[in-house]
Amino acid sequence: MYSGPGVKTSPDFPIPDTMKAWVLGNPGELKLAQKPVPVPKRAEVLVRIDAVAICATDLEIIDHGPPASILGGMPFNKNFTPGHEYMGTVVALGPGVDEYRIGQRITVEIHAGCGQCKRCREGMYTACHNYGLNYGDVDKGHRANGFTTDGGFCEYQVNNINTVIAIPDSMSDEEATLVVTAGTAMYGLTELGGLVAGESVVVTGPGPIGLLGVAVAKAMGANPVILTGTRDNRLKIGQELGADYVVNVRDEDAVEAVRRLNGGKGVDYVVECSGAPNAVNDAVRMVNRGGKVCLAAFPHRETPVDVAHIVRNNIYLYGIRGEGKSATHRAEAFMTQKRFDATKIHTHTFALDDLPTAIRYAKDRVDDAIKVVVKAKGIAAHRVAAE
Ligand SMILES: [Zn+2]
Ligand SMILES: [Zn+2]
């Protein structure tokens, strides 16, 4: 029977001893396996995973390894379960946990951090100095589920309570998986200055973070919000999420278009979500003097950057990793208040058993897929029946 020292469970939510879990074998190879259901320790809960979204970073990890780091190295053939954008129901409480209750619907953010290093103490837990040190005699207790510890392509996972966010019943499972994506966009805007009401923002790249970046910037009162990209269907979704202007960079020069749309001087902030080869040079020419650029994409190659232009114009560049400073809670608050409809970027849902198909849809953008969500079988049917 499932149990652990000091762990609280409830007969309303029976927990099996083992669960279905996808594990990463060689690069690109996922296998469905049985694993023991993990047991929460102090300050942790056990989450029954009801839905998990696929992220471009998952595809990167499955095919290439980084930014995942398991036992101090590549994640292949280590019985590692990827997946990090999940939501579910709290079904067991670790010793002393009273912040959440069994049966509560929640979503999660990724990085728990070690909680004791300089950056964790500042709320910058995505830049934890003990990143990935959670094994053997260097165990600092760091967790980033789906990156340095097991993630969400399975039926249950443990989460530090610092990575858990309560959600209302009015929020669907699918929408709840998008909170962490909106939280990443929110963290970028927080680091740029936080209060963007009345300030001008460009978002480059209409991927999930870019599209929700538009939504969050607009919800925070930014004006205007300009979205640039290459796909008209995605730019249209950006407009529905709050972009005042969209620019298809295939049709016109993005820097010229931004300057024209904002009175010639350039904008206050750029949130760079495209990872395109010339993205940084374009971004620093889209901002006005003293403007700030948030770099939220992982480009594949090193690219030359016009440093002289950046220095001459006192432009600030911020590398932003993930969702620090509890930005996810602020994003969830916007979503609960229906300040924007994140579900506009959710396009497909598959059963957990169909993960390889779901991944193919996400990777090849089959049928214009943007966010593809996977749900544990039965639970999906149950929830629909219950609503
Ligand atoms: Zn992600
Ligand atoms: Zn830390």
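One-based numbering, in listed order, for ligands and for the atoms of each.
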Reference residue H142; test ring pair (Phe, Tyr, Trp, His ring centres under 6.0 Å); the match among Y125, Y131, Y135: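 It is Y131, the one option of Y125, Y131, Y135 that forms the ring pair (Phe, Tyr, Trp, His ring centres under 6.0 Å) with H142.
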Any N/O/S of H142 under 2.8 Å from the Zn ion (ligand 2)? no
Does H129 put an N, O or S atom under 2.8 Å from the Zn ion (ligand 2)? no
I'd like to know if the side chain of R231 reaches the main chain of P206, judged simply by a donor and an acceptor atom lying under 3.5 Å from each other, with no hydrogens or angles considered. no
Angular separation of C114 SG and C128 SG about the Zn ion (ligand 2), given to 10°: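 Answer comes to 100°, rounded to 10°.
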Would you check if H346 and E175 make a side-chain contact, meaning some heavy-atom pair closer than 4.5 Å?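 They are not in side-chain contact.
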Report whether any nitrogen, oxygen or sulfur of E85 sits less than 2.8 Å from the Zn ion (ligand 1) (N, O or S, backbone or side chain). yes
In terms of the angle between their ring planes, are H84 and F147 parallel, tilted or perpendicular, with boundaries placed at 30° and 60°?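 Judged by the thresholds at 30° and 60°, the geometry between H84 and F147 is tilted.
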